[in-house]
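FYI, the numbering just counts along the sequence from 1.
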Amino acid sequence: MRWRSAVLLLSAFVTLSACGGPSPEMGEEASKTETAAESETMNTGAALETTEPHKTEDRETGETETSVSVGEPSAVSGEFEVKTLTREKVLELAGREDLSWKDFEDYSSRDIGSGLRILAYPIDRDFSLLIGGGGTDQEPMYIRLEAGDDYMELRENSARDVEGFFEKHAGREEYVGIRAHIKEVRGDRALVSSDTDQFPGTFWVTGVAELAAGEELKGGASVFVLMEDTGEKEADQIRIFVGKQLVALSQEADRPQEDILLTSAPLMTLTDVLSSRYDPIEVLPENYTWGIDEGGEVREVVACGSAPLDNGFLGDKALKLPNYNNMDKVFYSFSTVFTPDQMVVRQWNLSDTGSQEAKEERVMTLYYVIPAVGLEKDKVYEFEAEWEKENLEKRGFWGRASYVLATK
């Protein structure tokens, strides 16, 4: 089966985002570091009801973590009741330049600082707030509203700006996929160290036992891990992620690619990994920008097709997914003749077709292209692949291409 789309070839260079669809920058580094300073004990204020610092011990490591809950006694039971920071409260405080630690002392937090005083205030699944500085008796260095890897300074943004930030990130799942190696395994979580330049760092990944499907995970093993940021960190500032997919990589993963000169964006092939017959689906690029080195001069070509949610493009071309014991996803391997350096996979509801303002349900940024991706029924997918421009001299080409697929 081959999926085709009409394209318009242009000789002048324009960006892919001008070709009828969103094209956010790929490859942004997501690691954030904090400057070390002298730490001090937390001061929550004498006017508040507080609990004694609570210490939790990890049975496996013997390490302890200290947390302090702040709030007011319950009007019903008279017992201590912890208050959680809300979006409504954040909107109320937005844009105030005089915000301080005291404005948040009624709400539960965790001290995650190692040097600096850094308090993390959970809001909900999508958002949290961080306050950092030299101490609670000093002006905060930052008061940051966070959603995954994105953040904004609360004091510098109005309530309208904050509402826009909430709308931008609420309800959208954001995953990142990297190549890494396992440093150690503790129960159902693993400490992994990234082998991906675009997403460096060391991370705790939870849920690995189920993802490993009975295979024993050992330190030093090379893996691909797809994970979602919880917005939380350990006391040593190591970020915590929830694992979504874990694939052990063989030595073949290090095999160099064939020396192929791609003069245009390649087609993408999808294959049902559970099917007993080989029936590949070929998807041609809908939009692409492609550059070729011709004796020291780079010739660039742009092809502009339809946007991912365009009615005319999708029509009745939706791929019918098979039923496998009521599985909610069907996994397809995908490949191109020359593997891209990275890929962003965006997912919408099929019912969003025709609405160019519809937000993605899920965005997966893959800094290492995985062997298979799970597709769901009644969805629209965009695969945006990139062959990095920095490799132009070595490969003789660079490019970015968008592939669109609908399912039913």
Side-chain angles (χ1 to χ4, degrees), residues 1-5 7 16-17 19-24 26 171-177 224 226 228 244-245 247 265-275 279-288 303-324 327-336 339-387 399-408:
M1 185 190 310
R2 173 164 291 188
W3 290 46
R4 295 186 177 274
S5 58
V7 296
L16 185 60
S17 58
C19 295
S23 179
M26 302 169 68
R172 187 176 85 170
E173 299 177 357
E174 297 188 30
Y175 302 161
V176 61
F224 166 82
L226 182 68
E228 181 180 20
K244 298 297 179 180
Q245 188 176 352
V247 179
L267 61 80
M268 181 176 71
T269 301
L270 292 170
T271 306
D272 180 356
V273 299
L274 295 180
S275 177
D279 187 18
I281 300 162
E282 295 180 341
V283 186
L284 293 176
E286 179 62 17
N287 299 292
Y288 65 82
C304 289
S306 302
L309 297 179
D310 183 76
N311 266 320
F313 167 68
L314 293 174
D316 59 354
K317 298 179 181 178
L319 169 67
K320 186 176 181 180
L321 299 180
N323 288 315
Y324 291 123
M327 292 173 58
D328 59 352
K329 294 180 181 179
V330 179
F331 279 85
Y332 281 78
S333 64
F334 61 89
S335 62
T336 56
T339 304
D341 297 300
Q342 59 194 60
M343 179 178 287
V344 176
V345 182
R346 301 181 180 90
Q347 175 183 307
W348 294 266
N349 261 321
L350 188 59
S351 60
D352 292 330
T353 301
S355 171
Q356 300 307 319
E357 302 301 321
K359 297 178 182 178
E360 307 98 325
E361 291 181 319
R362 181 180 301 147
V363 177
M364 295 187 293
T365 302
L366 309 177
Y367 295 105
Y368 179 85
V369 179
I370 57 177
V373 62
L375 301 182
E376 301 176 19
K377 293 181 180 180
D378 299 321
K379 305 295 180 184
V380 176
Y381 292 92
E382 180 190 28
F383 300 80
E384 185 180 9
E386 182 175 3
W387 294 261
R400 179 180 289 175
S402 169
Y403 306 82
V404 179
L405 178 74
T407 62
K408 63 180 180 181

Asker: Kindly indicate whether the side chain of Tyr332, heavy atoms from C-beta on, has any atom under 4.5 Å from the side chain of Leu321.
Answerer: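 The answer is yes, as the side chains (C-beta and beyond) meet within the 4.5 Å cut-off.
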Asker: If you apply the rule side-chain contact (heavy atoms from CB on, under 4.5 Å), what do you find for Val344 with Val363, and how did you get there?
Answerer: CA-CA 7 Å; Val344 176; Val363 177; 3.8 Å; yes
Asker: Could you walk me through whether Tyr175 and Val345 pass side-chain contact (heavy atoms from CB on, under 4.5 Å), step by step?
Answerer: CA-CA 10 Å; Tyr175 302 161; Val345 182; over 6 Å; no
Asker: Ion pair present between Glu361 and Lys379, side-chain N to carboxylate O less than 4.0 angstrom?
Answerer: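 Between Lys379 and Glu361 there is a salt bridge, with a charged N closer than 4.0 Å to a carboxylate O.
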Asker: Does the Asp341 side chain pair with the main chain of Tyr367, one donor and one acceptor, at a distance under 3.5 Å?
Answerer: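 Checked: no pair found.
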Asker: About how many Å separate CG of Leu405 and CD of Glu382, when rounded to the nearest 0.5 Å?
Answerer: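 With rounding to 0.5 Å, CD (Glu382) is 11.5 Å from CG (Leu405).
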Asker: So which heavy atom on Met343 is nearest to which on Ala385, and how close?
Answerer: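 The pair with the smallest heavy-atom distance is CE-CB, 3.8 Å.
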Asker: From Glu360 CD over to Arg346 CZ, what is the distance, rounded to the nearest 0.5 angstrom?
Answerer: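 It is 6.0 Å, given to the nearest 0.5 Å.
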Asker: Please list, chain by chain and in numerical order, all residues satisfying salt bridge (charged side-chain N to carboxylate O under 4.0 Å, His left out) with Glu376, sequence neighbours excluded.
Answerer: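 Counting only residues at least two positions away or on another chain, Glu376 forms a salt bridge (charged side-chain N to carboxylate O under 4.0 Å, His left out) with Arg362.
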Asker: Taking all heavy atoms of Ala358 and all of Trp348, pick out the closest pair and write down the distance.
Answerer: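 Looking at all heavy atoms of both residues, the closest pair is O-NE1, 3.3 Å.
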Asker: Using every non-hydrogen atom in the two residues, find where Met364 and Val373 come nearest and quote the distance to one decimal.
Answerer: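 Taking every non-hydrogen atom into account, CE-CG2, 3.7 Å.
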Asker: Run Asp272 and Tyr324 through side-chain contact (heavy atoms from CB on, under 4.5 Å) and show every step you take.
Answerer: CA-CA 11 Å; Asp272 180 356; Tyr324 291 123; 2.6 Å; yes
Asker: Begin with the C-alpha distance, continue with both residues' side-chain angles, and end with the deciding distance and a verdict on side-chain contact (heavy atoms from CB on, under 4.5 Å) for Val330 and Leu274.
Answerer: CA-CA 8 Å; Val330 179; Leu274 295 180; 5.8 Å; no
Asker: Who pairs with Tyr381 by ring-ring contact (aromatic ring centres under 6.0 Å, His included), at least two apart in sequence or on another chain?
Answerer: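 Expected list: none.
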Asker: Looking at every non-hydrogen atom in both residues, tell me the closest pair between Leu350 and Thr407 and how far apart they are.
Answerer: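 Closest approach of Leu350 to Thr407, heavy atoms only: CD2-O, 3.7 Å.
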Asker: To check you understand the geometry: which heavy-atom pair defines the closest contact between Pro308 and Val380, and what is its length?
Answerer: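 In this case the closest contact between Pro308 and Val380 is O-CG1, 3.6 Å.
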Asker: Is there a side-chain contact between Pro266 and Tyr288 in this structure, where contact means two heavy atoms from C-beta onward sitting under 4.5 Å apart?
Answerer: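 The answer is no; the side chains never approach within 4.5 Å.
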Asker: Kindly give the heavy-atom pair with the smallest separation between Asn287 and Ser306, and that separation in Å.
Answerer: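 Nearest heavy atoms, Asn287 then Ser306: ND2-O, 3.3 Å.
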Asker: Looking at CG of Leu267 and OG1 of Thr336, how far apart are the two atoms once the value is rounded to the nearest 0.5 Å?
Answerer: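 Atom-to-atom, Leu267:CG and Thr336:OG1 are 8.5 Å apart.
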Asker: Name all residues meeting the salt bridge (charged side-chain N to carboxylate O under 4.0 Å, His left out) criterion together with Asp352; count only those two or more places apart in sequence or in a different chain, and write none if there are none.
Answerer: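 Partners of Asp352 by the salt bridge (charged side-chain N to carboxylate O under 4.0 Å, His left out) criterion come out as none, since no residue qualifies.
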Asker: Would you indicate whether the side-chain heavy atoms of Tyr403 and Leu270 approach each other to under 4.5 Å?
Answerer: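 Side chain of Leu270 against side chain of Tyr403, heavy atoms only: no contact under 4.5 Å found.
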